[in-house]
Structure formats: structure tokens, C-alpha cells
Amino acid sequence: MTGTLPFAITLDPGTSRLNHTGTWRTERPVYLSRMPPCNHACPAGENIQNWLFHAESGDYAAAWAALIAENPLPAVMGRVCYHPCEGACNRGQLDEAVSIHAVERFLGDHALREGLVPRVEVPPSGRRVLVVGAGPSGLSAASHLTRMGHAVTIREAGPLPGGMMRFGIPKYRLPRDILDAEIARILRLGVTLELNTKVTDIDAAFAEGFDAIFTAVGAHLAKRTAIPAHAAGRILDAVTLLAQVELGEAPQLGRRVIVYGGGNTAMDAARTAKRLGAEEAMIVYRRSRDQMPAHAFEVQEAEDEGVLIHWLRTITDIDASTFTVEKMEIDAEGRPQPTGTFETLEADSLVLALGQDVDTGFLARVPGVQIAKDGVIAVDAQMMTGRAGLFAGGDMVPAERTVTVAVGHGKKAARHIDAWLRGTTHVKPPRPALAGFETLNTWYYDDAPQTRQEHLALLRRQTGFEEVTHGLTEDTALYEARRCLSCGNCFECDNCFGVCPDNAVIKLGPGAGFAIDYDYCKGCGICATECPCGAIQMLPETT
Amino acid sequence: MTEETTGSTPGPASPAAATQRVRFYQTGTHTLGNRLMDAESRTVQASTDRANAITSGHRACQGCGEALGARYALDAAMRAAGGKVVAVNATGCLEVFTTPYPETSWQIPWLHSVFGNAPAVASGVAAGLRMRGQKDVRVVAQGGDGSTTDIGFGCLSGMFERNDDVLYICYDNEAYMNTGVQRSSATPPAARTATTPALGAAPGNVFGTGKNLPRIAMAHEIPYVATASVADLHDLEAKVTRAMAICGARYIHVHVPCPLGWGSASHDTIRLARLAVESGLFPLFEAEHGEVTAVKKIRRKVPVEDYLRPQRRFAHLFRPGHEDTQRLAAIQAMADANIRRYGLTEEAPL
């Protein structure tokens with residue numbers, strides 16, 4: 001202001017913006033992204049928080065694109081994954097975990113309905129990769145490698161692609177039209193699939209001109225156990241049973257069936273027996289319910305369908321249709337011990353579900369390949385075997401045997417194969433600090449219980465192979481996505497922008513987030529305390 | 001706000017339809033903004049178009065609740081009045097930290113006279129504007145609890161009694177902070193101030209003293225009285241907007257924690273304001289012509305201890321091994337009385 005000043009006023013007025021209060025600061029707020037617990041727990045390395053963020057606004061195409069950047073089989077995974085993400089979900093400490101798998105399934109189904117396809121954005125590398133086995137791991141690797149520009153051929157020994165997703169997981173958990181559609185989408189990227197082609201000679205395959213090979217043949221050899229049998233009835237293994245059902249060659253099991261084992265495959269075998277017409281499907285397992293490797297919900301679903309489970313029993317003798325079982329008890333070390341008390345059960349057939357081994361025969365001759373403990377293939381941190389350029393993943397390497405782990409192996413192997421082909425090393429970016437529950441200000445989230453997925457009526461579950469668990473509608477999927485707390489990642493709620501007493505937060509606009517104006521920020525820390533998702537950290541000023 | 005889904009439309013719907021139909025928005029209106037909700041459901045403060053009545057560079061302490069409360073209230077008033085607001089300020093922290101000569105943080109017309117006469121000056125400004133025919137320019141008077149409940153109380157009562165067209169906003173930080181944390185008639189019982197030290201048999205401010213200005217304002221039967229908190233911005237802005245739509249004398253009492261005077265961490269300003277509301281010690285309500293018309297229910301009830309313990313002015317209540325259970329019980333009884341009086345929980349309807 002210029003001109004004549006009022007009486008007793010000697011200075012022109014000025015704005016307080018001349019006063020840089022940022023000099024008062026001893027701590028500075030810094031925006032950061034923390035690792036959401038769901039992402040941290042995902043064996044397939046999905047960025048769950050990120051795809052939920054897109055889904056929340058109804059942008060399902062963007063959500064799906066973010067989803068398949070890590071996992072090319074979302075409709076399958078949304079059905080069969082045991083969702084460790086939900087066990088880690090911070091919302092579980094507030095009310096109930098976000099039903100992540102149900103939203104994943106919704107997005108996967110949405111993409112199939114809408115015909116969404118991923119884009120291959122890189123030019124062809126001119127390199128050829130052979131994938132051995134068309135299971136989840138092989139398909140995942142093929143998809144990722146193709147999107148990285150490499151020419152991929154899959155050779156599958158069986159008559160149909162899918163591996164254990166088709167021959168191990170019954171269709172009441174994974175309908176085949178869904179599986180076929182997701183596999184077809186991967187093949188349409190330009191992947192060559194050769195069925196009924198068993199790879200027996202790795203060196204010959206390299207000689208054909210493949211620059212790298214990824215083997216993921218799974219674990220298909222059923223484990224056996226020695227049971228004295230005088231006049232054995234019908235004995236078969238669960239892997240064979242499930243595969244035969246898939247091929248339309250379901251065996252005659254009789255009226256009463258015993259399944260021996262306590263894993264998820266045992267549950268699937270017993271539930272399948274029920275659907276094939278067995279009046280009684282029994283599971284015999286040598287440990288207690290708590291020690292069963294099968295997931296609790298699968299046990300529950302089996303029991304709901306009328307499967308009878310005999311805990312703490314071993315089969316000691318078989319005489320035609322009479323099975324002698326011995327009662328077990330758990331000792332101080334948690335191991336089952338025989339008690340000397342016996343019972344008998346009557347059954348027409350016995351299904352062994354005692355686990356599977358890997359057929360490593362075709363690799364045993366390859367120089368450098370190491371067979372690890374339990375007959376699986378040893379790989380290094382890059383998923384490479386002792387033979388340069390030969391990688392392995394899925395059930396045939398030491399890891400938990402699930403579709404999710406297999407898909408994760410496929411992705412991981414693809415990244416290392418890609419780096420290897422380019423003569424570099426893939427270095428995994430360091431993981432940021434975990435966004436634990438204590439980093440959140442949960443006051444700001446709406447109260448909202450989890451959505452329940454509907455189930456097929458019990459009678460239809462006991463008599464057919466229709467899918468048991470229903471999907472979410474668009475409305476319930478959207479609701480469920482919006483239950484996400486966005487742990488450790490800004491979702492632009494404007495709290496920091498609004499709560500700063502010094503107007504020192506700059507709003508950069510949708511998608512761009514915020515910045516701190518350090519000229520004026522006094523470092524009070526209200527923004528960090530009132531950030532719902534823990535995306536602001538206070539760091540000491542060094543000067 | 002609720003988990004309600006109203007998805008009854010048959011058949012596939014466009015995402016746009018579902019995003020509107022599913023009325024659950026992750027944080028609803030608890031956060032200041034929300035990218036999933038329409039712009040009208042977000043606060044004024046979430047908008048880059050806010051007036052920023054008090055701009056950066058002011059001398060308020062780190063984490064000042066009053067700087068926040070005043071910007072919240074005046075930005076809402078500015079939006080409600082289309083940017084035509086004159087503010088009259090009493091003496092106090094707000095006046096001092098925004099206008100160290102020759103700087104000013106005010107980005108709206110602003111006037112300061114002396115400590116006790118802000119309501120009278122505001123009445124005069126309103127009268128002057130009326131004489132000039134400027135009906136569209138609205139007058140907001142403001143002060144801290146000292147100028148409002150003690151020093152300017154006579155002028156304020158007169159402004160109420162004459163029903164002058166002024167919105168008076170009190171930013172209550174429960175003592176004279178600017179001059180060194182002396183007790184005011186808004187200081188709560190047991191609080192340590194410079195003039196009510198935590199010494200002797202009855203440390204801190206005396207129980208049974210002080211005045212409840214919102215209820216005194218209600219006794220004048222003026223058109224609108226409300227309490228608000230910096231912890232609930234949607235509520236605060238709604239009340240200012242409602243007040244700006246009414247002519248005559250209006251009063252809003254805003255609870256603004258003071259890290260300096262309360263001995264609290266600067267980052268806890270909003271958290272403490274929230275705990276005051278959630279404990280029942282600071283009830284949020286609206287009254288018209290002397291009658292309570294609406295209350296804000298407590299969302300997650302907490303004991304008063306949760307609110308008191310982080311503040312050093314109450315530290316004498318929590319001496320290890322010598323917890324002052326009697327005084328804590330008395331303060332809890334005050335919160336419980338508020339819950340009953342205003343019906344702050346579902347179990348205690350009005």
C-alpha cells in the first residue's frame with residue numbers, strides 16, 4: 001500500500017506470509033507409502049490395496065488391469081485361493097476382514113463378461129521360452145513372459161491345460177467355463193500350447209532353440225501307505241479319482257467310501273464321492289481336528305454336506321469291506337500315538353489322500369539339477385536350477401502347494417527369466433515398512449460388517465457339481481471394496497489439507513495427492529495423527 | 001454414512017449407477033473430503049477454493065486449535081455469505097497471533113478494538129451496514145473464552161438482548177492463554193492454570209465455579225445457539241452455515257484445544273477435541289429460541305480419563321500411586337450429567 005498512512009501508523013501493512021514459520025520446525029511431515037498387510041501376505045505378490053482403490057470408484061477395468069499385472073488368473077484365484085490376505089487384513093481388528101477374494105472373483109468374472117484383455121506393450125524380444133506344464137505356475141509364467149515380449153511355448157503332458165486347477169480342484173469349487181476362459185485369454189496373448197506332449201529331454205529342448213526353460217510339472221504322484229490287506233476291496237488314490245471324474249471316467253465307489261487323510265484333497269475326494277452317489281462318505285485321519293492341514297472352512301463345508309470325519313484313527317487292517325482302525329491319542333509333543341483300542345468300519349472303497357510326490361525323472365539326468373529333500377527340485381533365489389537357463393516353480397519346488405503360490409512362482413520366475421535373457425539380474429524392490437494396525441487412525445472409517453457370499457442349497461451340493469459359493473453382485477462387491485482401509489497408502493481424503501492450522505498442506509489435485517509447504521509447516525504433526533491410513537510420517541529435522 | 005446398500009435394480013447396471021446406489025463410502029463424512037462422494041458432501045476445508053481467512057505465517061503455537069477453529073468457522077461463513085463477511089475480533093490469542101504490526105494473516109475485512117467490546121463494535125458495524133443499505137454483507141464477531149465469558153460478557157449479553165444481526169463465535173480454549181494461562185470462567189474444574197496451581201488439598205481450578213455460556217445464550221432466547229468442535233468439521237461447518245442463514249443474534253461456542261495451556265502434544269489437538277466430545281464433557285447441540293433442537297450423538301463413548309490423562313494440566317489427578325479417584329469421579333459425573341441432559345447416547349435419548 002502506498003500513499004498517506006493513517007495517524008500513528010509508520011509502516012505499510014503486509015501479509016504474514018512474509019513470516020516463514022517453517023523455521024520453528026523440529027520434525028517434518030513426509031508422505032510415504034507403507035506396505036499394506038494384505039499385499040505383504042499375498043503369495044502371488046498382488047497389490048491388493050491398489051486394485052481395491054480402483055474398484056472403490058467403480059473403475060473395474062483399471063482395477064482388473066492392476067490385478068492381472070501380478071496375477072493372470074483372477075477369476076480362478078478369487079475362487080480357490082485360501083486368501084492369507086484376509087487373515088492379515090487390518091480391518092479384521094476393527095470388525096471383520098475385507099472379503100478380498102470375493103472382490104477379486106467379481107473383477108475376474110466382470111473381465112470375462114466384458115471381454116477385457118491385457119495389453120502387450122513391449123516389442124518382441126526375439127527370445128523363445130519353453131514352459132513345461134500348463135498348470136497355474138506355467139500359465140502364470142507364460143502370461144508374464146509374453147507380456148515382457150518373449151515368445152512362449154507351453155508343453156503339457158495331459159489332454160487339457162490347467163493342471164491341478166482342473167484335475168485336482170473339483171468343479172463345484174472352480175467351474176470349468178471360468179477356468180477355460182481365463183486360460184484362453186492367456187493363450188490369446190500369443191502363447192503356443194502343445195497338449196499331450198510330455199517333455200522328457202531338457203537338453204533336446206534347449207537344442208530346439210529355446211533360450212530358457214521353466215518347468216512346473218506339479219506333484220501328481222499319489223503317496224502310498226502299507227496297510228495289511230487280506231482281501232482288499234477297491235483302493236484308489238484321490239488324485240486319480242479327481243482326475244477320472246474330470247475326464248468323465250468316474251469309477252464305481254460303491255455305497256460307502258472311506259477317504260484316508262486330512263488335507264484339502266481329502267475333503268475334495270470325500271465331497272466328490274458324495275456327489276458321485278455315495279450314501280456314506282467318511283474321512284479317517286490320524287490326528288485331531290485342530291491339526292488337520294485342511295482349511296477350516298473346507299472341513300465345515302464337507303461336514304455340512306454330510307461327510308463324516310473320524311478323527312484320531314489309523315487304518316491298520318483291511319479285510320474285504322471291513323476296515324480295522326486303531327484309536328490314536330496325541331502325546332505331549334503333539335504326535336499321534338497308538339492306544340491299542342480298535343474299531344471297525346464298513347466301506348466299499350478306500351480313497352488314499354496322503355499327499356503327492358513330484359515326478360522328477362525327466363530332470364534327474366540333467367547335469368547340475370539338484371533334488372532337494374522330499375523329492376522336490378532345488379532352485380536358487382532366482383528360481384533357477386543348477387542347470388543354467390533351466391528354471392522351476394510350483395508344486396515341484398519346496399514351497400506350500402497352493403494355486404496362489406504357484407501363480408506367484410510363475411510371476412517370480414518370469415521376472416528372473418526375463419532378466420537372465422537380457423543378461424541382467426532382477427532385483428526385487430525393497431519392501432516398505434509394514435502398515436500395521438497401530439499406524440492407522442480408525443476413527444475415520446465407517447462401521448461396516450463384511451458381506452456374506454451366498455451358498456448353493458445343501459441338497460444340490462450333495463447331488464451335483466454346481467458351484468457351491470456364489471459371487472457378489474456389483475453392489476455388494478463395491479460395498480466390500482469400499483470397506484478397504486487403504487492401509488499405508490493415501491486415498492485423498494483431504495484430512496491433512498484441512499487439519500493444518502498453518503495452511504501448509506498443498507492439494508495437488510485428483511490422483512496427484514498432496515505436498516507440504518515447508519516454508520510454513522511448523523511441524524505440529526496434526527496431519528500425521530489425523531491421517532486415517534498412516535501415509536504421513538514425522539521425521540526429525542536434521543538442521 | 002451407513003452400510004446400507006439399496007441395490008434392488010435388476011440386471012447389470014453401469015458402474016456409474018452402482019457407485020451412486022451403494023451408499024457406503026469407506027470413510028463417509030468422517031474425513032474432511034472423500035473422492036467417492038459428490039463435492040457437496042465434502043467440507044469447505046477440503047476445497048482449494050476455501051477463503052483461507054487466516055493465511056500462513058501467523059504466530060500461533062504449533063498445533064493451535066484456535067487458529068484451526070477460526071479458519072474453519074470463517075471459511076464456512078465466507079462460503080455461506082458469498083464472500084461478503086466482516087469480522088470483528090476481541091483481544092486475545094487470535095488477535096495477537098494474526099496481527100503483529102505491520103503484518104496481518106487476515107484475508108477478509110477484519111476489525112479489532114479493545115478486549116471487552118467486540119460484541120458492541122459488531123453491533124455497530126451491523127448498524128452501519130444497515131444504514132448504508134448493504135444488506136448482503138454479514139457481520140461475524142469472535143473472541144476467546146476470556147473476552148467472551150468474562151471481559152466482554154456485558155456487551156455480549158446486550159447484543160443478544162437487542163437481537164442484533166451478528167453471529168458471535170467463541171473459541172473456547174478454557175483459559176487466558178495469550179497472557180500466560182490464567183483461569184477464566186470457562187476453565188474446567190481441577191485444571192491447573194497459572195492462577196489455579198496444582199497445589200494444596202484441592203489442586204487446580206475449584207469445582208462448582210465457572211459459567212456455561214451456551215446455556216446463558218439460550219436463556220436470552222436468541223434465534224440460534226450451537227456448540228461445535230474442531231474435531232467434527234462437517235458438524236461445525238453445518239452449524240455456521242445454518243447460523244449464517246438466520247438474521248438476528250446468533251452464538252456458536254467452538255471447543256479448541258490449546259497445546260500450550262493444556263500441556264498436550266501439538267499433534268493431539270484434534271484427538272483431544274474428539275475425546276472431549278466422545279466422553280460427554282463437551283456436548284454438541286443446537287438450540288433455537290432457547291430450546292435444544294438437535295444433538296450430535298456420541299459415536300464411541302470413552303471414559304473422561306481418556307481425555308484428561310494426555311493433558312499435563314490434569315496431571316495431578318494421575319500421580320502414580322495417588323490417583324485422585326474422587327475428583328475423577330466428579331468429572332465423570334459431569335460428563336454423565338451432560339449425556340443425560342442432552343441425550344448424547346442411544347440409551348439416553350433427549
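Chain letters run A, B, ... following the sequence lines, proteins first, then strands; residues in each count from 1.
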Interface moiety of A:T442 toward chain B, non-hydrogen atoms closer than 4.5 Å: both
Nearest heavy-atom neighbours spanning B:Y101 and A:T10: OH-N, 3.0 Å
Options A:T21, A:V499, A:L18, ranked by heavy-atom pairs under 4.5 Å with chain B, top entry: A:V499
N/O donor-acceptor pair under 3.5 Å between B:S56 side chain and A:S16 backbone: no
Pick from B:A70, B:C64, B:A60, B:A67 with the largest number of heavy-atom pairs that fall under 4.5 Å of chain A: B:A60
Short side-chain to backbone donor-acceptor contact, B:H58 and A:P501, under 3.5 Å: yes
Contacting region of A:N441 [heavy-atom separation from chain B under 4.5 Å]: side chain
Minimum side-chain heavy-atom gap A:T15-B:T104 below 4.5 Å: no
Contact winner vs chain A - B:N52, B:V44, B:T269, heavy-atom pairs under 4.5 Å: B:N52
Atom CZ of B:R309: over 12 foreign heavy atoms under 6.0 Å: yes
Closest non-hydrogen atom pair, A:D446 against B:R299: CA-NH2, 4.3 Å
Contacting moiety of B:I54, where chain A heavy atoms sit under 4.5 Å: backbone
Closest non-hydrogen atom pair between B:I270 and A:Y444, with its separation: CG2-OH, 4.2 Å
Residues B:T48, A:F497; criterion side-chain contact (heavy atoms from CB on, under 4.5 Å); working and verdict: CA-CA 9 Å; B:T48 50; A:F497 178 61; 4.1 Å; yes
Minimum heavy-atom distance between B:G33 and A:D494, given as atom pair plus value: CA-OD2, 3.6 Å
Top of A:Y445, A:W443, A:Y520 for chain B proximity - count of heavy-atom pairs under 4.5 angstrom: A:W443
OH on B:Y25 to CG on A:L478, rounded to 0.5 Å: 9.5 Å
B:N34 side chain near A:F491 side chain, heavy-atom distance below 4.5 Å: no
Side-chain donor/acceptor of A:K507 to backbone N/O of B:A46, under 3.5 Å: yes
A:E454 atom CD, neighbour heavy-atom count above 12 within 6.0 Å: no
Part of A:F514 within contact of chain B (heavy atom distance under 4.5 Å): neither
Donor-acceptor contact below 3.5 Å, side chain A:R482 vs main chain B:F24: yes
Portion of B:T43 that has a non-hydrogen atom of chain A nearer than 4.5 angstrom: neither
Engaged part of B:E278 at the chain A interface, taking heavy atoms whose separation is under 4.5 Å: side chain
Considering all heavy atoms, the nearest A:E56-B:R35 contact: OE1-NH2, 2.8 Å
Ionic contact status for A:R17 with B:E103, cut-off 4.0 Å: no
Approximate separation, where rounding is to 0.5 Å, of B:Q107 CD and A:N503 CG: 8.0 Å
Which portion of A:C500 sits near chain B, non-hydrogen atoms under 4.5 angstrom: backbone
Rounded distance (nearest 0.5 Å) linking atom CG of A:N495 with atom CD of B:Q45: 11.5 Å
Sidechain N-carboxylate O distance under 4.0 Å for A:D502, B:R59: no
Portion of A:L485 that has a non-hydrogen atom of chain B nearer than 4.5 angstrom: backbone
Partner chain B: residue of A:I506, A:T473, A:L11 with the largest heavy-atom pair count (under 4.5 Å): A:L11
Side-chain donor/acceptor of B:R71 to backbone N/O of A:G498, under 3.5 Å: yes
Nearest-0.5 Å distance that lies between atom SG in A:C493 and atom CG in B:L36: 11.0 Å
Options B:R300, B:R50, B:R274, ranked by heavy-atom pairs under 4.5 Å with chain A, top entry: B:R274
Min side-chain heavy-atom separation A:M538-B:H267 under 4.5 Å: no
Distance in Å, A:R483 CZ paired with B:Q26 CD, rounded so as to fall on 0.5 Å steps: 11.5 Å
Nearest-0.5 Å distance, OG1 of residue B:T31 to CD of residue A:E492: 12.0 Å
